[in-house]
Each structure stands twice: as C-alpha cells, then as structure tokens.
Amino acid sequence: MANFFLDNKDLQFHLNHPLMKKMVELKEKGFEDKDKYDYAPADFEDAMDNYRRVLEITGEICADVLAANAEEVDHTGPTVVNDRVVYAPGTQRNLDALNAAGLSGITLPRRFDGLNFPLICFVMTNEMVARGDAGFENIWGLQDCAETLNEFASEELKAKYLPRVCAGETCAMDLTEPDAGSDLQAVMLKAHWDEEKQTWLLNGVKRFITNGDGEISLVLARSEDGTKDARGLSMFVYDKNSGATKVRRIENKLGIKGSPTCELVFTNAPAELVGDRKMGLIKYVMSLMNAARLGVSAQAVGISEAAYREALKYAHEREQFGKPIIEFPAVFEILSNMKAKLHGSRALLYETTRFVEIYKDYIHWSHDRKLEPEERAEMKEYSRLADAFTPLLKLFATEYANQEAYDAIQVLGGSGYMKDYPVERLYRDARITNIYEGTSQLQVVAAIRHVTTGTYLARIKEYEAEAKYPSDMESVYKNLVAMREAYEACVERVTAGDNEQIDFHARRLVEMAGHIIITHLLMRQATEADMYRNPAEVYGKLALGKINEAKSYIFNSCCGDIDLFKAVLDEHVEGL
C-alpha cells in the first residue's frame, strides 16, 4: 500500500528537527496529561512515537483513499440540494475515512477530545491531504478555525463547539462579501442583539466562502451601528443546525472543484459572540488569517510534491530518440529546479511553523500562569519571526506551486495537457493558492515592513553566523554572503527614497530576502543530510541569479520609472 508519509524522507527529516523537543515540552506542559488520558504520552520519545504512528495512518489514507478519489471528485463536484451543500460521493468517502481514523482536532486539547499534537503535525497532515486532493484540503484543513475558538472564545463556547470539531464536524470562516473581498473592513453583514431572544442575529450575504455550508462557522459581522471601519466589526460563531442560512449558489471554479465555494444568505441567524465586541477584524481575523495562510502554504507544498513526482515518473518512463527523456539536459534541468524549489518551499514552511508553534504555546501557558521574563522575551521573539515569515512563506510556497504545476505539464508535453494525467488538475488547483487568503501582492504589503525594520536582515545574519557548511560547499556560502551584501545595498538605496519608491520596489526586496533565507535553510539541512546537497546548490544558483537581476533593476532605476508606469496607467484609463 502507498503511504504519503513513509515515501517522503523530507517530511520525516522535518519531524526530527532539534526544536521538536522544545515544542513537545511546551505543548505537553510537562506531560501533565499522562495520568488523565490513556492516550497521552509519558515523555518525549513516547510523544514522537505517537506522532509518527498518526502521520503514517494519515499518509496511508491520503494515498489509498484521497488520491484515488481525486479525479472523480474533480469531475463530479458538490451540488446544492434544498439550499444545502451535498458533497461529491468521493468527498464524503474522504471525510468518513479520516474521521474513522480519529484525525480531527489534531492540535486541540485532550479535555475537548483532541489529540493535543503540535502544529507541525497538523501542517504535515495538511500537506499530505493536499498532495492527495488539494480541493479536499480546503474542507478538512478548515478544522484550524477551532484554534481561534480555543485561543479567544469563552470556556462555555469551547465546551460547546470544540468536541464537535474533534468528532469530525466541518468548519468555515465567513469573511468576504460581494463588496468586501480583500478589504475586510468594508464588511457590512449586520449583527444585532435581540433582547427578546437573548441572542445575536445575523443578516446579510457572504460570498466566496470556502466550505461555506460547514457545520460550525466563524462569521465576521458589523455589530456597531453607524460604523464603516474595522472598529465596528465583531467575530461570531454560527451553528448550521439552527437552519437560518441558505446556500444561494456554489461558484463554478477553475480548480479545487471538490471544495464548495458558496454564496450564503443569513436571515435572522442566531450566533454567539467570540471574545470582545469590536475586535473581530483587528484581533481575531488577523489570527485566523495567519493560521489560514499557513494552511494554504501547506496545501501549495502538497501540490508541488504531487507535480514533481508526476513529472519525475513520466520523465523516467517516456522514451524519445531511443532513451528516457530525463536524460536530455533540458528536461533534467527542469526537474532539478523543480526539486530545489520543492525542498526550498517545504524548508520555509516548517521553519515558519516552528516559530508559530512556540509563540502560540507560550500564549496558552500564559493563560495558566504568569510567564517568566525570559519566557516572555522568547515568546515575543518567536511572535516577531512568525509575523515576518508567514507572508514570506505564503508568497513563495504558492508562487512555486504554480511554477511546479506549469513545469510538470511542460515535462509531460501534450500528454500533460490531457485529462488522462493528473497534472492538468494540479495546474488548475494551484492557481488559487496565490490568490485566496491574501494575494501575493498583499503578502508583499505585509512583508515589506520586515525589510525596512531589519527583521529579515537580522535573521539572515543569524543564519550566516551559525553556518557550519561543508568545505566543498564553500562557494555557495560565499555566494550567500555576496547576496546578503547585495540585499543590504538595495535596501539602503530604496529606503533612502520616499514611500512610493519603497512600494514600487517592495516585491523585489521581499523576494531577495526570501531567496537568501531559503538558501540558508537548505544549506543548513545539507550539513545534516546528503539528500539536500544538490537542492541547496541548485537553489543557491537560482537565488544568485534572481538577486543579481533585482539589484540590477533597482540600481538602474530612478524615480522617473514610477512616473513612466503612471503614464502607462493613464493611457489604460483613457482607453477605457
């Protein structure tokens, strides 16, 4: 039987990262549950054994069930019956298989029937699920909405909803509206308090809601009369069992066909307030979106893994001119670059996940007791790194997923364009990843302040100082130093100008930082395992080329370039 965990040495490598011991100890709080629950680990080794067994089970289901159903689900898709979503038969089989294996509530506390696993295990399961069927990941992976409830909701709401998530009920986050896409502060779905019913009631329309008919939904709504900005928005939890919403339609999409993207109508829908009023967008959605961006990045890496494997398999099997096409330099180069980008995006995914895990665990510790000064300082540092790395990860992982799917079709040639092979589906599925949960352009907006404040540069210098690279990879290390110096020079040049100049070059600067960081991560891995030496060297060359290109553009541009682009924009406007 196939297994998406056992066949992936890269996943197994990241599970054994040195920080795992710290993460497990934080998550288990001194293994305090060992005497309360028979499935709680007694020590670190016991915990790691539990994680591996669950990941193996997940890997088997993803390979034998999800991947086997993917083509049928893509063809059939969900439907609306009596204002409710009915999943494709293959989707329901997927849910049944994962729920039967107890793979819901992976990160939630055991007192709510969760597994209390570290976030890194959940991200790995997300990646494997997406490798099997990227659309289904949008349904199953949304259980991370429960983490927002676990962090911010009252004990009453936690006790009511979290056991249901752990039992396998699906979730949704209802944020966007017809007139409020990326600009969530424009949300106008109305929430008002009904004195007679002693509950909040929701009225309005939500659009483009992933798995919109999920059993438990987090809804962003305007609770304050007369407001039009973020300060009037609150977060609510809505229970589908109340029957007060209708699915108006399921969008007909390019890809991720198995995932129902819904337009919803709320009519006096009873809901419960999560946390404090007026903090919905400012605090809770920001936390929710960061978790979602981690999930989409895992989804993107899963797509990249599937695309690379399909291309590699075909290149070995397909013969032209008397030999397998992998022996042709043009094809071999494509595959080498695909492998380097895949390993690079995964390295960034799990580095970011480790940062998020540690600072989130400290937050939960702080609910039980006052943190020591060194713990609070550590939490603050990991929070800063998580804030910086999350948009960087979302940018690179999703852009690379699109490139990997594109290159996979190129390796397969005309066959890749046909529905006989899964790469055309992967190509369609990948396209949404750099759009939803914040476009690549919005990730740059979030990341650029970490360029200007020096967060990325400081971390790059830390990687550089810690470097213990093999002597035969000295050239890559020297190139890393040169890239860092080029990056510093570009940052200094651009930030010497005004904000418009910074905005104009923002993507170039953010991508420069990302290329350097990914190369360092791969080089660090190459010192521990030989399988990373070639990807590290290949990625290092790709990164050097990108950085030299960006530096050339920045140092040969001037303020007049912005005026030139504005002039072109004016011509476009006149043309309309």
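If you're wondering where the values come from, they're calculated on a predicted model, not measured in any experiment. One is the number of the first residue; the rest follow in order along the sequence.
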Practice problem: Might you work through the side-chain hydrogen bond (donor to acceptor under 3.5 Å, both in side chains) test for Gln198 and Asp194, ending with a clear yes or no? | Solution: CA-CA 6 Å; Gln198 286 293 294; Asp194 188 293; over 6 Å; no
Quiz item: Taking it one step at a time, do Arg346 and Asp10 satisfy salt bridge (Lys or Arg N to Asp or Glu O under 4.0 Å)?
Solution: CA-CA 8 Å; Arg346 183 177 285 122; Asp10 201 11; 2.7 Å; yes
Self-check item: Worked verdict on Tyr436 versus Asn138 for side-chain hydrogen bond (donor to acceptor under 3.5 Å, both in side chains)
Solution: CA-CA 11 Å; Tyr436 61 12; Asn138 279 348; 3.2 Å; yes
Quiz item: What's the verdict on side chain to side chain contact (heavy atoms under 4.5 Å, CB included) for Lys360 and Glu151, showing C-alpha distance, side-chain angles and the deciding distance?
Solution: CA-CA 9 Å; Lys360 287 285 189 181; Glu151 187 171 346; 2.8 Å; yes
Exercise. Evaluate the side chain to side chain contact (heavy atoms under 4.5 Å, CB included) criterion for residues Val265 and Thr245: first the C-alpha distance (whole Å), next the side-chain angles of each, then the deciding distance (0.1 Å), finally the verdict.
Key: CA-CA 5 Å; Val265 179; Thr245 61; over 6 Å; no
Practice problem: Run the numbers on Ser223 and Ser234 for side-chain hydrogen bond (donor to acceptor under 3.5 Å, both in side chains), then give the verdict. | Solution: CA-CA 6 Å; Ser223 58; Ser234 299; 2.7 Å; yes
Self-check item: Trace of the salt bridge (Lys or Arg N to Asp or Glu O under 4.0 Å) decision for Asp83 with Arg248
Solution: CA-CA 7 Å; Asp83 303 320; Arg248 181 181 284 173; over 6 Å; no
Exercise. Could you check Met279 against Met235 for side chain to side chain contact (heavy atoms under 4.5 Å, CB included), going step by step and ending with a plain yes or no?
Key: CA-CA 7 Å; Met279 299 300 291; Met235 177 68 76; over 6 Å; no
Self-check item: Derivation of the side chain to side chain contact (heavy atoms under 4.5 Å, CB included) call for Glu127 and Thr58
Solution: CA-CA 11 Å; Glu127 182 189 331; Thr58 308; over 6 Å; no
Practice problem: Just do the side-chain hydrogen bond (donor to acceptor under 3.5 Å, both in side chains) check on Asn434 and Gln443 with the steps written out, would you? | Solution: CA-CA 9 Å; Asn434 55 354; Gln443 303 313 307; over 6 Å; no
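The side-chain heavy atoms of Glu305 and Val301, taken from C-beta on, include no pair separated by under 4.5 Å. Looking at heavy atoms from C-beta onward, Arg428 lies in side-chain contact with Arg425 at the 4.5 angstrom threshold. Arg249 has its side chain out of reach of Val80: every pair of non-hydrogen atoms, C-beta onward, lies at least 4.5 Å apart. When side chains are defined from C-beta on, Leu103 counts as touching Trp140, because their heavy atoms get closer than 4.5 Å. Contact annotation: the side chain of Leu108 never approaches that of Phe117 to less than 4.5 Å [non-hydrogen atoms, C-beta and beyond]. When side chains are defined from C-beta on, Glu404 counts as touching Leu342, because their heavy atoms get closer than 4.5 Å. Side-chain contact between Asn268 and His192 is present, with heavy atoms from C-beta onward closer than 4.5 Å. Between Asn203 and Phe266 the shortest side-chain heavy-atom distance does not fall below 4.5 Å.
What you find for Ser104 and Asn99 is that their closest heavy atoms are OG-OD1, 3.1 Å. Minimum heavy-atom separation, Ala300 to Ala397: CB-O, 3.4 Å. Between Ala180 and Val187, the shortest heavy-atom distance links the atoms CB-N, 3.8 Å. Nearest heavy atom pair, residue Tyr456 against residue Ala388, reads OH-O, 2.6 Å. Nearest heavy-atom pair across Val165 and Cys171 is CG2-SG, 3.8 Å.
Here Arg111 pairs with Glu155 in a salt bridge; the nearest charged N to carboxylate O distance falls below 4.0 Å. Between Asp276 and Lys283 no salt bridge is recorded (no basic side-chain N to carboxylate O distance below 4.0 Å). Using a 4.0 Å cut-off between a side-chain N of Lys or Arg and a carboxylate O of Asp or Glu, Glu263 and Lys246 do not qualify as a salt bridge. Taking a cutoff of 4.0 Å between a charged side-chain nitrogen and a carboxylate oxygen, Glu351 and Arg354 qualify as a salt bridge. A salt bridge links Glu251 and Arg207; the closest N-O separation between the charged side-chain nitrogens and carboxylate oxygens is under 4.0 Å. For Lys419 and Glu71, the salt-bridge test fails: no basic side-chain N is under 4.0 Å from an acidic carboxylate O. The pair Glu177-Lys206 meets the salt-bridge criterion, with a side-chain N (NZ, NE, NH1 or NH2) lying under 4.0 Å from an Asp/Glu carboxylate O. A salt bridge links Arg507 with Glu399: at least one charged nitrogen is closer than 4.0 Å to a carboxylate oxygen. A salt bridge does not link Arg459 to Glu381: none of the charged nitrogens lies less than 4.0 Å from a carboxylate oxygen. Look at Lys253 and Asp429 and you find no salt bridge, because none of the NZ, NE, NH1 or NH2 atoms lies under 4.0 Å from a carboxylate O.
Environment of CG in Asp503: crowded, with over 12 heavy atoms of neighbouring residues, nucleotides or ligands closer than 6.0 Å. The environment of Asn82 atom CG is sparse: at most 12 non-hydrogen atoms of other residues, nucleotides or ligands sit within 6.0 angstrom. The number of heavy atoms from other shown groups lying within 6.0 Å of OH (Tyr427) does not exceed 12. Crowding of Phe152 atom CZ: a count of heavy atoms from other residues, nucleotides or ligands under 6.0 Å exceeding 12. For Lys380, the NZ atom is loosely surrounded, since the number of other residues' heavy atoms within 6.0 Å does not exceed 12. The neighbour count for Asn252 CG, taken as heavy atoms of other residues, nucleotides or ligands under 6.0 Å away, does not exceed 12.
Put simply, the residue from Tyr51, Phe5, Phe4 that forms a side chain to side chain contact (heavy atoms under 4.5 Å, CB included) with Glu56 is Phe5. With respect to Leu218, the side chain to side chain contact (heavy atoms under 4.5 Å, CB included) criterion is satisfied by exactly one of Leu175, Val285, Leu149: Leu149.
A donor-acceptor pair under 3.5 Å links the side-chain atoms of Asn402 to the main chain of Thr398, judged by distance alone.
Here Asp213 pairs with Arg84, Lys240 under the salt bridge (charged side-chain N to carboxylate O under 4.0 Å, His left out) rule; sequence neighbours left out. By the salt bridge (charged side-chain N to carboxylate O under 4.0 Å, His left out) test, Arg293 pairs with no residue at all, sequence neighbours left out.
Ser242 and Tyr238 form a side-chain donor-acceptor contact under 3.5 Å, judged by distance and modelled atom types alone. Side chain to side chain, Tyr362 and Glu375 fail the donor-acceptor criterion of an N or O pair below 3.5 Å. Side-chain atoms of Asn211 and Tyr87 form a donor-acceptor pair, as typed in the model, at a separation below 3.5 Å.
For the atom pair Leu202 CG and Leu264 CG, the distance stands at 11.5 Å (nearest 0.5 Å). Note: Glu272 CD to Glu156 CD = 7.0 Å, rounded to the nearest 0.5 Å.
Ring orientation note: the planes of Phe389 and Phe355 are nearly perpendicular, at an angle over 60° on the 30°/60° scale.
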